[in-house]
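Everything on this sheet refers to the single structure shown next.
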Amino acid sequence: MRNLSTVDRMTNEPFSIHENFDTVLKQISKAARSAGRRAGDTHLVAVTKTQSPNALREALSYGHRLFGENKVQEAEQHWNDLKKEYSDIRLHLIGPLQTNKVKDAVTLFDCIETLDREKLARALADEMKRQARNIPCFIQVNTGEEPQKGGILPHELAGFLHFCRKDCGLAVEGLMCIPPVNEPPGLHFALLRTLRDSLGLSCLSMGMSADFQRAIMLGATHVRIGTSLFGAR
Ligand SMILES: *Cc1c(COP(=O)(O)O)cnc(C)c1O
């Protein structure tokens, strides 16, 4: 199934989003199998930030329905109309969320992967009540303890989880991390998995284009992939 409507911005070569999905899904299955896991245990969150309407349509025509965006406003532009057309689209927020965008985020997204502070937890809980929409959340963990990065520090995670559940009533289902760019990601993935296991959560969102196979070996249930599907941004 060739579909040459898109040009890779790095090489100027036409390439096919459908073929990229084939390739990535095969790589996911293979990594899962070699880790003794079932392929269906890892969900592909196709990251569509900065992509064209055409690219979104191609992913949909491939049959894919699970997408990630890192900005609320761009996500609305991308998905408001398409979500009416395809009722089974599921959107994950994978970027930082400001409290003044919480209302729009709760309206649009089906999972918030970047729950990372008490003020946001309270705002999400209030808004979900208002909209009668209980969206699952993942807590973002700052595994590299980087000052400029969002996320809960590992030693504060148990307390924060308790706060989100007991004080706010949020449905926290998993953990998410973005490892430091200049470090091998494996240690961070392993740490996130250990934290997840110790807290009895089910989901682990980790791994991007450069390292998703490693993340799957270490237990990822959600990999967030943009470049390998849609080309360089
Ligand atoms: C952009 C982004 C991704 C996808 O990265 P690629 O390297 O393009 O696969 C994954 N996670 C987050 C949080 C992102 O912002």
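Residues Thr107 and Lys103 approach most closely at OG1-O, 2.9 Å, considering heavy atoms. In this structure, Met217 and Ala31 approach most closely via the heavy-atom pair SD-O, 3.7 Å. Taking all atoms of both residues into account, the shortest heavy-atom contact from Ala39 to Ala32 is CA-CB, 3.9 Å. For the residue pair Asn20 and Leu229, the shortest heavy atom distance occurs at ND2-O, 2.9 Å. Looking at every heavy atom in both residues, Phe109 comes nearest to Ala75 through CZ-CB, 3.5 Å. Smallest separation of non-hydrogen atoms from Arg193 and Gly219: NH1-CA, 3.6 Å.
Judged by distance alone, with hydrogens and angles left aside, the side-chain atoms of Arg37 form a donor-acceptor pair with the main-chain N or O of Ala220 at under 3.5 Å. Between the side chain of Glu173 and the backbone N or O of Ser202 there is no donor-acceptor pair closer than 3.5 Å. When atom types are taken as modelled, the side chain of Arg224 and the backbone of Val47 share no donor-acceptor pair closer than 3.5 angstrom. Using a distance-only test at 3.5 Å, with no hydrogens or angles considered, no donor-acceptor pair links the side chain of Lys149 to the main chain of Gly144. Checking side-chain atoms of Ser209 against main-chain N and O of Ile225 turns up no donor-acceptor pair under 3.5 Å. Judged by distance alone, the side chain of Asp211 and the main-chain N or O of Met208 form a donor-acceptor pair under 3.5 Å. Checked by atom type and distance alone, the side chain of His188 never pairs as donor or acceptor with a backbone atom of Met206 at under 3.5 Å. No donor-acceptor pair closer than 3.5 Å links the side chain of Thr114 to the backbone N or O of Pro96. In this structure a side-chain-to-backbone donor-acceptor pair under 3.5 Å is present from Arg65 to Leu60. Remark: side-chain polar atoms of His64 are paired, donor with acceptor, to backbone N or O of Leu44 under 3.5 angstrom.
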Legend entry - Worked verdict on Asp126 versus Arg122 for salt bridge (charged side-chain N to carboxylate O under 4.0 Å, His left out): CA-CA 6 Å; Asp126 289 347; Arg122 279 189 217 281; over 6 Å; no
Inset, instruction - I would like to know whether Gln213 and Ser34 meet side chain to side chain contact (heavy atoms under 4.5 Å, CB included); could you show each step before the answer? - result: CA-CA 10 Å; Gln213 283 128 316; Ser34 59; over 6 Å; no
Inset, instruction - Could you walk me through whether Met176 and Leu115 pass side chain to side chain contact (heavy atoms under 4.5 Å, CB included), step by step? - result: CA-CA 9 Å; Met176 175 271 210; Leu115 177 55; over 6 Å; no
Inset, instruction - Assess whether side chain to side chain contact (heavy atoms under 4.5 Å, CB included) is satisfied between Ser52 and Phe230, documenting all intermediate values. - result: CA-CA 10 Å; Ser52 67; Phe230 300 107; over 6 Å; no
Inset, instruction - Run the numbers on Leu170 and Ile112 for side chain to side chain contact (heavy atoms under 4.5 Å, CB included), then give the verdict. - result: CA-CA 11 Å; Leu170 290 172; Ile112 308 293; over 6 Å; no
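Cluster membership check: Leu56 does not share its hydrophobic cluster with Tyr62, using side-chain heavy-atom separations under 4.5 Å among Ile, Leu, Val, Met, Phe, Trp and Tyr. Under a hydrophobic clustering in which Ile, Leu, Val, Met, Phe, Trp and Tyr are joined whenever their side-chain heavy atoms come within less than 4.5 Å, directly or via other members, Leu66 and Ile94 fall into different clusters. In the hydrophobic cluster analysis, where Ile, Leu, Val, Met, Phe, Trp and Tyr join through side-chain heavy atoms closer than 4.5 angstrom, Phe212 is grouped apart from Leu191. The same ILVMFWY cluster, assembled from side-chain heavy atoms under 4.5 Å apart, contains both Leu175 and Ile135. Hydrophobic clustering of Ile, Leu, Val, Met, Phe, Trp and Tyr side chains at less than 4.5 Å, counting indirect connections, keeps Val45 apart from Leu108.
In this structure, the separation between CD on Gln51 and CD1 on Ile17 is 6.5 Å, given to the nearest 0.5 Å. Note: Arg130 CZ to Met128 CE = 12.0 Å, rounded to the nearest 0.5 Å. With rounding to the nearest 0.5 Å, the separation of SG in Cys164 from CD in Glu118 is 7.5 Å.
Between His78 and Leu82, every side-chain heavy-atom pair lies at or beyond the 4.5 Å cut-off. Side-chain contact between Gln140 and Ser205: absent, with no pair of heavy atoms (C-beta onward) separated by less than 4.5 Å. Side-chain atoms of Glu69 and Glu74, non-hydrogen and from C-beta on, do get closer than 4.5 Å to each other. Residues Leu199 and Val172 form no side-chain contact, since every pair of their non-hydrogen atoms from C-beta on lies 4.5 Å or further apart. Here the side chains of Leu195 and Pro154 are in contact, with some heavy-atom distance below 4.5 Å.
In this structure, Asp22 does not pair ionically with Lys26, as no charged nitrogen and carboxylate oxygen lie closer than 4.0 Å. Contact check on Asp41 versus Arg38 returns a salt bridge, with a Lys/Arg side-chain nitrogen under 4.0 Å from an Asp/Glu carboxylate oxygen. Between Glu85 and Arg57 there is a salt bridge, since a side-chain N of the basic residue sits under 4.0 Å from a carboxylate O of the acidic one. Taking 4.0 Å as the cut-off between side-chain N and carboxylate O, Lys83 and Asp110 count as a salt-bridged pair.
A ring-centre distance under 6.0 Å is found for Phe138 and His222.
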